[in-house]
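Note sheet for the following structure.
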Amino acid sequence: MKMSRRSGKTYGVASGHADEDALPTRTKTSFFQRGREFESVYVNHKYTEEEKEQLSTYESVDYLPPHSSVYKKWLKQQPSRLDWDRWVMMGIIGFTVGFVGFLMHQLIDVIAEIKWEKASEYIKDKDFALAWIWVMGYSVLFIIASSLPVVYYRPSAGGSGIPELIGFLNGTVVRHIFNVKTMVVKFFSCVCAVGAGLPIGPEGPMIHLGSLIGAGMSQFKSETLKINLPFFERFRNTEDRRNFISAGAAAGVASAFGAPVGGLLFSMEEVSSFWNMKLSWQTFFCCMVSTFTTDIFNSAFEGFRYQGDFGLFKTNKYILFQVSRGLALNILAFIPTVILGVFGGLLGALFTFINLKIARFRRYHIGTIKSKGWKNLARLMEPVIIMIVTATASVFLPAAFSCTPFECAFSSKGYSPRCLSSSHSPLHTERSVNNYTCPNGIAITYNGTQFTNASFNEVATLLFVTGEQAIHHLFSRGTHFELGYASLFTVLVVYFLLACWSAGSAVSSGLVVPMLFIGGVYGRIIGRAMVDLFGVHTSGYWAWMDPGAFALIGAASFFGGVSRLTMSLTVIMMEITNDIQFLLPIMVAIMVAKWVGDFTTHPLYHALLELKCIPFLDSEPIIIHEGSTSINLELYRASHAMTKPAIVVNKVESVRHLSRLLLETPHGGYPVVQKDDYDGLVFVGMISRNDISILLSREDIFSSRENLLVNQEEMDFSGIDYYLMNKGYIPHALQLNETLLRYEQDPRYDDLFIDLSPYINDSAPSVQESFSLHRTYIIFRTLGLRHLVVVSKSNRVKGIITRKDLMGFHLEERILQQLHDHGPTSMELRASASSDVSFVS
């Protein structure tokens with residue numbers, strides 16, 4: 001941070017980070033502020049003044065590297081672009097992500113298996129106290145191990161990491177999210193938290209870990225590990241790095257779900273803001289390698305024990321929630337499907353609302369504790385408390401429910417009518433249900449023949465296991481009466497609230513398993529209601545009324561209602577269940593859930609971006625006037641959104657002037673101008689603040705004006721090359737600040753100059769002030785720009801547009817204020833008459 005001597009205001013210098021806790025105490029009231037969470041996607045999020053200040057501390061970065069002379073010289077030194085090395089790198093990333101996914105799932109299974117096996121032994125002996133002590137103690141131990149490194153060492157490893165990843169790929173710098181320390185903590189925290197039994201999943205962290213591997217492997221260097229290997233150097237630019245991060249995120253989905261196509265579509269639809277066809281092919285290859293690697297290792301190992309089936313991909317193991325029996329689909333099934341879609345949208349919006357309320361509570365009550373020690377302790381204790389509640393519910397809640405006999409029970413009247421369905425697909429109870437304290441067999445003697453009826457506990461079947469095992473039970477086919485209303489409603493309420501609470505706590509956590517679980521429960525309720533209303537039909541025209549089939553549709557609807565994903569979610573649901581017959585109902589449920597949810601809240605990941613005050617440009621800006629009228633930005637001009645005056649620099653500037661410029665302005669980049677034949681200043685390119693800072697840190701390049709070389713081709717760039725100019729941060733910022741003060745106070749630096757020509761981005765885009773504002777937005781977002789200069793018809797700089805100028809709330813404020821004060825005609829006249837170039841004197 002540095003302090004402007006004139007204004008006294010503090011600005012973040014190339015930090016790209018805002019301390020989420022650094023909020024004034026008076027903003028605590030915003031936790032109770034109405035309308036902060038229930039915001040339709042068709043309106044812009046409303047930021048408080050404190051949040052706007054936090055928003056302004058984030059730095060942006062261009063998608064394409066600066067097209068300067070040093071960059072072009074560096075390009076000439078690189079081997080010809082045959083792209084074979086890009087495919088090799090995609091394969092390396094895919095293999096690494098796949099192996100990390102294998103390790104994660106194996107470790108989680110080992111931790112969870114030990115916990116539940118021992119707990120089941122105590123429960124069978126009806127020793128509830130010992131079972132509770134074991135489950136709670138074991139789980140809390142792992143939760144403390146999961147939360148400690150997140151709280152005290154790497155807070156950036158908490159949560160799923162997906163909102164930060166989306167923000168970064170949209171063009172905002174978020175500190176520490178691609179650091180090797182974050183990767184280690186993320187992996188360890190996720191394994192411990194999911195294995196302990198917290199109502200979370202590993203899929204979100206796996207996506208972040210995939211992007212971390214893509215960011216690190218592609219660069220072959222690490223500032224933390226002090227590694228800088230001379231391989232794949234041509235990938236050390238913003239464009240390639242961001243593409244590899246997108247591919248790594250897709251590979252994370254592929255490894256976590258066993259869904260390579262779903263991973264590709266997830267990265268394209270949700271994570272990445274910049275995409276092209278070549279990147280699609282390469283990402284598809286990366287996902288394929290990732291899935292293959294995870295499956296090939298899983299085929300030989302289970303719990304790290306060699307199984308002797310290396311290379312054998314079994315469907316019941318590698319399709320995450322394999323549906324064992326297909327059903328004929330009926331057009332009438334779309335009626336309850338639409339109902340499930342509505343439930344998915346409403347409950348998804350409620351989940352988002354509660355999640356945001358809890359997150360605001362953490363920020364404004366825990367985050368504002370003055371003592372850092374007490375603050376960290378509070379963060380550490382929260383997941384511990386959640387785990388204690390979860391463990392208590394898992395052990396004791398099933399005891400409140402009586403035992404349920406298997407569906408084919410026997411009595412003095414003979415077999416139950418449930419056993420007498422069609423012989424082609426009879427009803428049954430899964431053998432993997434949880435007995436809890438229920439007897440394995442109740443003997444009944446009839447006419448000299450002894451029959452044994454098994455029994456089980458419905459709530460224990462869903463809560464006394466891992467989340468993935470519970471989802472298997474919910475999706476099972478032909479188990480119409482396995483789970484009843486009382487157990488399903490109870491589990492729905494308890495798990496829904498615990499999942500809302502767990503998300504965002506100080507552990508590495510994902511929401512995919514909870515979303516599938518919650519959706520599967522209410523889908524199963526609808527399916528059971530259909531069976532009770534219209535009877536059991538295991539074959540023929542009405543066979544589609546299976547609670548397991550509706551659990552699958554419900555899971556997709558809730559996932560869609562929370563995330564608002566469409567294409568990628570549909571494909572992921574197909575790949576994890578292999579139930580292609582229900583493709584159309586799943587599509588319908590997802591679309592209905594999205595439409596309903598969009599009218600209520602923003603998608604969860606985008607809402608978390610807004611909560612964390614990370615600048616994000618959506619695909620289309622939405623400006624609403626007088627409550628319902630949408631303003632067409634084609635009717636407005638670029639000059640209506642620009643910031644003016646724009647502070648510019650000349651191609652050749654004195655050291656003292658540049659030092660004063662950095663000390664007195666916080667801007668991330670400056671338009672460069674030169675005099676034309678009419679003695680006017682025309683726009684020739686952009687130079688970033690970081691570039692100027694690096695140049696000013698090297699006194700050996702300062703020169704008197706008469707010694708400056710005019711011919712740019714003759715300049716020696718070896719002293720400051722492309723790599724140094726594009727590190728993305730300023731080393732020793734405090735030391736640099738002292739140097740700038742020394743330059744600014746010493747008059748002799750008025751006579752020492754720097755020629756900025758080799759470092760100027762010659763391809764910096766600009767638009768005329770009369771250019772369509774809507775098309776300005778499209779250009780800015782599509783090209784992934786950091787700055788867009790607005791010029792007059794004579795190419796004079798009039799203003800500048802940054803990412804924050806184009807955010808929905810900012811555009812809305814400017815346009816509506818101008819409409820209110822002057823009307824569109826006057827506003828256009830005022831904008832065209834304004835001029836504005838400014839130099840720091």
Side-chain angles (χ1 to χ4, degrees), residues 116 258 314-329 333 336 340 398 404-409 416 418-419 421-422 424-436 438 454-489 491-492 495 513 515-532 536-539 542-559 573-582 585-586 589:
W116 294 118
K314 300 175 184 176
T315 56
N316 61 348
K317 185 175 180 181
Y318 301 108
I319 299 176
L320 196 59
F321 303 113
Q322 167 76 7
V323 172
S324 57
R325 182 168 62 89
L327 295 172
L329 184 62
L340 282 172
T404 304
F406 274 44
E407 287 175 4
C408 278
S416 164
R418 298 177 182 177
C419 303
S421 357
S422 168
H424 297 294
S425 54
L427 298 181
H428 68 284
T429 300
E430 297 172 287
R431 297 300 171 187
S432 57
V433 291
N434 197 291
N435 297 107
Y436 195 62
C438 298
S455 61
F456 68 101
N457 188 290
E458 296 179 7
V459 174
T461 298
L462 295 178
L463 289 184
F464 211 69
V465 291
T466 64
E468 291 185 1
Q469 290 171 331
I471 294 170
H472 274 286
H473 291 305
L474 292 169
F475 287 0
S476 60
R477 300 288 170 85
T479 57
H480 295 47
F481 298 101
E482 185 172 286
L483 300 168
Y485 293 113
S487 57
L488 288 171
F489 275 110
V491 170
L492 177 62
Y495 197 91
V513 167
M515 287 190 287
L516 294 177
F517 187 106
I518 293 167
V521 171
Y522 71 72
R524 189 101 188 174
I525 292 172
I526 297 293
R528 177 65 188 268
M530 296 286 292
V531 170
D532 290 343
V536 176
H537 302 274
T538 58
S539 63
W542 302 97
W544 54 271
M545 284 192 295
D546 190 305
F550 286 102
L552 171 60
I553 298 171
S557 71
F558 189 73
F559 199 158
M573 295 303 297
M574 289 297 99
E575 290 184 296
I576 65 177
T577 61
N578 198 31
D579 191 6
I580 193 67
Q581 189 70 21
F582 273 73
I586 286 174

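Keep in mind it's a predicted model, so treat the numbers as computed, not measured.
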Go through the structure and list residues passing side-chain contact (heavy atoms from CB on, under 4.5 Å) with [X], not counting sequence neighbours.
X	answer
Tyr485	Phe489, Ile525, Arg528, Ala529, Asp532
Leu329	Ala333, Phe334, Gln581, Phe582, Pro585
Val531	His480, Phe481, Val536, Pro547
Thr404	Phe456, Glu458

To the nearest 0.5 Å, how far apart are CG in Leu516 and CG in Leu474?
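Leu516 atom CG to Leu474 atom CG measures 10.0 Å (nearest 0.5 Å).
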
Rounded distance [0.5 Å steps], CG in Leu340 versus CD1 in Ile526:
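These two atoms lie 5.5 Å from each other.
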
Could you tell me which residues satisfy ring-ring contact (aromatic ring centres under 6.0 Å, His included) with [X], sequence neighbours excluded, listed by chain and number?
X	value
Phe464	Trp116
Phe550	none
Phe517	Tyr495

Item to check | Validation row: Leu488, Leu492 side chains within 4.5 angstrom (heavy atoms) | outcome: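 A side-chain contact is absent here, since even the closest heavy-atom pair is not under 4.5 Å.
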
Mind running side-chain contact (heavy atoms from CB on, under 4.5 Å) on Leu552 and Met573 for me, showing each step along the way?
CA-CA 8 Å; Leu552 171 60; Met573 295 303 297; 3.5 Å; yes

Item checked: Summary of salt bridge (Lys or Arg N to Asp or Glu O under 4.0 Å) pairs that have at least one residue in residues 475-488, sequence neighbours excluded ->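 Sorted pair list: Arg477-Asp579.
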
Margin query: Quick test of your reading: applying salt bridge (Lys or Arg N to Asp or Glu O under 4.0 Å), list the pairs with at least one residue in residues 542-551, sequence neighbours left out, ordered by first then second residue.
Written below: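 Counting only pairs at least two positions apart or across chains, the salt bridge (Lys or Arg N to Asp or Glu O under 4.0 Å) contacts touching residues 542-551 are Arg325-Asp546.
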
With side-chain contact (heavy atoms from CB on, under 4.5 Å) as the criterion, how do Thr461 and Tyr436 come out once you've worked through the C-alpha distance, each side chain's angles and the decisive distance to 0.1 Å?
CA-CA 8 Å; Thr461 298; Tyr436 195 62; over 6 Å; no

Check your understanding: Looking only at atom types and distance, does a side-chain atom of Ser487 sit under 3.5 Å from a main-chain N or O of Leu483, one as donor and one as acceptor?
Key ->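 No; judged by distance alone, with no hydrogens or angles, the pair does not exist.
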
Q | Donor-acceptor contact below 3.5 Å, side chain Asn457 vs main chain Pro398 | A |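 Yes.
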
With [X], which residues qualify under side chain to side chain donor-acceptor pair (under 3.5 Å), at least two apart?
X	answer
Tyr522	Ser557
Asn434	none
Thr479	Ser476, Arg524

Worked verdict on Asn578 versus Val323 for side-chain contact (heavy atoms from CB on, under 4.5 Å): CA-CA 6 Å; Asn578 198 31; Val323 172; over 6 Å; no

- What's the shortest heavy-atom distance between Met515 and Phe558, and which atoms?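 Heavy atoms of Met515 and Phe558 come nearest at O-CD2, 3.3 Å.
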
For a quick test of reading the model, state the closest non-hydrogen atom pair linking Ala556 to Ile586 and the distance between them.
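Heavy atoms of Ala556 and Ile586 come nearest at CB-CG2, 3.8 Å.
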
